[in-house]
Every structure is written in C-alpha cells, then in structure tokens.
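Numbers for residues simply follow the sequence, beginning at 1. Ligands are counted one by one from 1 in listed order, and the atoms in each one are counted from 1 as well. Only this structure's heavy atoms are used, side chains among them; waters, hydrogens and symmetry mates stay out.
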Amino acid sequence: MSTWMVYCAEKSREALLRALGVIDEGITACFANGCDDLRERVACGEPGEYGVAVGPASEGVSDINLAAAVANDGNARCVVLAQEGVSGSLRSRAARAGIDLVVDLSEIPEEPRARSEAGPLDGGPGVPAPLVPARRGIELPDISQRAPILVVCSGRGGVGKTAVASVAACVAARWGMRACLVDLDLSCGNARGCFGAPGKSDLASLASVDGVPGDDQLRRLCVSAAPGVSAMGPCDLPETAELALPYAGAVLDFAAREYDLVLVDTSTTFTDAVAQAAQMADRLVIVSDGKTGSISSVARMSGLAIRLGVARTKVARLENRADPREKTNYALGRAEVGLEAARVFRVFDGRQEVGDLLSSGQAYDLAEPGYPFADSVATFLAQLLQELGRLPEHDEARRAAEGTRSGRLRSLFGLRREAR
Ligand SMILES: Nc1ncnc2c1ncn2[C@@H]1O[C@H](COP(=O)(O)OP(=O)(O)O)[C@@H](O)[C@H]1O
Ligand SMILES: [Mg+2]
C-alpha cells in the first residue's frame, strides 16, 4: 500500500486516480487543497512517505512548475506530472526539472485494469503495462551468451556515477576485458571527458535512419577512449537528446553482443532511455554519497526501478566517497529504501585528486591498482562480476574480488602532478 498526495482540478480527479492505479499497486490518495497545501503536507511527511501526482489544475501556478517545486523540495518518493496530451518538449522540460514521470491522461484506458497480486509490472496476465517508459527494454539472450550490463544510476547529481562508471570500465580493460562505456546522460553526459573526450559519438544521429539501426551504424558510434575501452554517446547537442531516447535498447543490445562488459552511465532523471537501460540491466547500481537526503533519493530511485519491473535481486547499492577508516554500516538505510536484500558496495573518497585526474582525461591512469579509490572500484566491479559468473581469469581481478590489495598503497598526488 502506498500513499499518494494528489493535486489537480476536480474534473480530472477520476482520470488521475486511474493513471495512478496503473502506475502503482494498492494506492491511497489524499487530495491537497492547493499548491501550498500540497508542498507543506509532503514536506511534513517522512522522507519518501508520499508519492506526489500533479494533474491538470485550472488555476494558480502552472502544473509543471508545481511538480518541479515538489521535486526540488526533495521529500517526495517520486513526482508524477499528469497532463492531457503530452508534447516531447514538456517531457524534456519535466525531465530537466527532476520530475520522475510524465503521464498522458489521454492514453489511460477508461476502465481500471485488472491488478496482479505479484505487482503491476511483472508481465503476468491482466497486468497493466508501465506508462513510462513507452518502450520497454529489448529482450536479451541469456547472460552466458553476451556481455553483462551494469547500469549506474542515482536520484541525485554529483554523487559519482560518471566517475565510478568510467573508472570501472578502465579497471575491466586492465583485466583484459573489452569494455564499452555507454553514456545515457543524453543531454549533459561527460563520460568521454574523463578520457580527454576522444572522437564524436552522437546517439541522436540514430534518428536519421528508418527502423532499427544496423550494427554497422552502431559500430561507427563506438569511439576508442582508452586501451580496451570504447565509448558510445551521449548526444552532441543537448536539444537533440530526445531523438536518441528510443534507441537506448538497441545501443545496449549491440554493445552486449560486441563487448565483454557494458557499463552504462545515466542522467539523474529517469528518462525513457534510462528506464530501458534499467530494464535491461543485469545489475542496477544505485549510487549515493552519504550527504543529507541521500537515503530518500535512493528510496525514490529504487521505488521507481522496482515499479518498472526491475527485480529487487538485480539492484545493488554503492556508497561513494566512503571513508576507508570507517566500517560499513550495512544496516544503514536499508529498511527505509526497501532494499533489505541489496548488496552494498563502497567506493572510497579519493579527494580532490580524483576530480582533477578525471577532468584532465586521465581515467585510465586513475584506474591503476594501488590507490584506495581505484582498488575500491575494482573490488566493487570484481564482486559484481563474480555474482554474475563473469569474473575474468586475471590475478588482479581475483585479488579484487577477495578485497585484498594488490601491493603498496600509493598517493594520487604524483599522478596529478604529471597531469599538469
Ligand atoms: N570517490 C570519489 N572521490 C573523490 N571524488 C569523487 C569521487 N566520486 C566522484 N568524485 C568527483 O565528484 C564529482 C562529481 O562526480 P560525477 O561522477 O560527475 O557525478 P555524477 O555523474 O553522479 O553527476 C566529480 O568531480 C568527480 O570527479
Ligand atoms: Mg554524470
């Protein structure tokens, strides 16, 4: 049973409740009396207690501004904007504003659909399809016949998704794997910047062909970023990001056939592309950084993923910028985020040097064993691959999976001096 705080015009209430019934199971809806009332009630709740739905309202602030304000307040489990007839530009504005889902009420069936005991997105008979994404991730062959796909996501920016994904790709390459780093932060992605931004890889260009893009076309988008690491995406121009949204599934399907490991960096907001990746992920890694509010953003992200049909067993948590001197508190926040079974990994704080090396394009150097940051990324990657039965035959990989260090600890200071 989940509680939704709802604000919309009287005449839209019924349609909005039907929409929420499709998104979520067993909902209880409370109607707010106005914009301020809505924000106040959500702010007074526990973090993540309420989902918020803003529907067509006849007066006052615009619906998108209200939904954006609630998302920005940060206490809601997730924020849904529901409108009649949704344009592409509304979806992108909403995504930029941190709104989790945009629902087109004109696409909601008249009759409430049958519910499943097992959950709304498990694909069983009579189970409603998810509203977002419109396109589901592509069905992949069994993991023994393709590369594992690890998707790194978070409900907040700046927690280290790009840093972890880029360095993990380099660590894998150092173990002899051919890694593909796919940047699905389509409008603002900077993963290639961690390698000195080699080449161009504009995923929006896929929209210029009819139908499903062919392997040749996808291969042309793979640029060599570092020895053993190829990169794909994002889009050259932020305003064309929307064109690439439908192709995320095809890109990942291709990468999983061509490479040994696919690492996916994502945007903070759950776009269609990120949702497809989440659905195709062998592991969805939710990154947080221990700052205030990080538990509620992990809760928002995991709740969304699970409603999209991602199995709880595929969700892992990564606490970034951890202090190596402190023990992991495995219990912390687990109950609150509904991920009691999820494995928690830690990546250590590498301080300013990590940012300096990544911004000067030195991800590959940063991945060298012997540095606490790189070693903790290596351990996280090795243990995930081991769970998936895909740990490569390599001494460093085996050591990393056991969590033992490869040799003496080094300081990044020297590397950084070389970077200057
Ligand atoms: N473990 C870490 N130690 C030190 N700096 C880090 C660490 N993880 C990330 N950073 C730095 O924090 C900043 C934000 O990280 P980034 O990967 O861009 O976040 P995101 O992709 O989630 O928005 C970057 O400057 C990055 O280099
Ligand atoms: Mg990023």
Give the numbers and elements of all ligand 1 atoms closer than 4.0 Å to a heavy atom of [X].
X	result
Arg351	3 (N), 4 (C), 5 (N)
Lys161	17 (O), 19 (O), 20 (P), 21 (O), 22 (O), 23 (O)
Asp349	1 (N), 3 (N), 4 (C)
Leu358	27 (O)
Asn320	1 (N), 2 (C), 7 (C), 8 (N), 9 (C)
Ala163	8 (N), 9 (C), 17 (O)

Does [X] have more than 12 heavy atoms from other residues, nucleotides or ligands lying within 6.0 Å of its [atom1]?
X	atom1	value
Arg178	CZ	yes
Glu393	CD	no
Arg257	CZ	yes

Between CG on residue Leu388 and CD on residue Gln383, distance to nearest 0.5 Å: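 That separation rounds to 12.0 Å.
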Rounded to the nearest 0.5 Å, how far does CG of Asp349 lie from CD of Glu319?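 It is 13.0 Å, given to the nearest 0.5 Å.
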Polar side-chain atom of [X] near backbone of [Y] as donor-acceptor pair, under 3.5 Å:
X	Y	result
Asp265	Asp183	no
Arg146	Pro141	yes
Asp236	Lys200	no
Arg192	Gly233	yes

For [atom], closest protein heavy-atom neighbour:
atom	value
atom 27 (O) of ligand 1	Gly355 CA, 3.2 Å
atom 3 (N) of ligand 1	Gly350 N, 2.8 Å
atom 16 (P) of ligand 1	Gly160 CA, 3.6 Å
atom 11 (C) of ligand 1	Arg321 NH2, 3.3 Å
atom 23 (O) of ligand 1	Gly158 N, 2.7 Å
atom 21 (O) of ligand 1	Thr162 OG1, 2.8 Å

Check Phe348 against ligand 1 and report side chain, backbone, both or neither, counting heavy atoms closer than 4.0 Å.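 Phe348 to ligand 1: backbone contact only, side chain stays beyond 4.0 Å.
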Has Arg398 got its NZ or CZ under 6.0 Å from the middle of the six-membered ring of Trp175, at an angle within 45 degrees of the ring axis?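 Arg398 over Trp175 ring: no.
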Do Arg351's NZ or CZ and the ring of Phe373 fall within the cation-pi criteria of under 6.0 Å and 45°?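 Pair Arg351/Phe373 does not count as cation-pi.
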Sub-4.0 Å heavy-atom approach of Ser154 to ligand 1: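 No heavy atom of Ser154 comes that close to ligand 1.
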Within 2.8 Å of the Mg ion (ligand 2), is there any N, O or S atom belonging to Thr268?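 Under 2.8 Å: Thr268 has no N, O or S contact with the Mg ion (ligand 2).
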Gly157 N/O under 3.5 Å from ligand 1 N/O: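 So ligand 1 has no N or O lying under 3.5 Å from an N or O of Gly157.
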Return a yes/no value: protein heavy atom under 4.0 Å from atom 6 (C) of ligand 1?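 It does: a protein heavy atom is found less than 4.0 Å away from atom 6 (C) of ligand 1.
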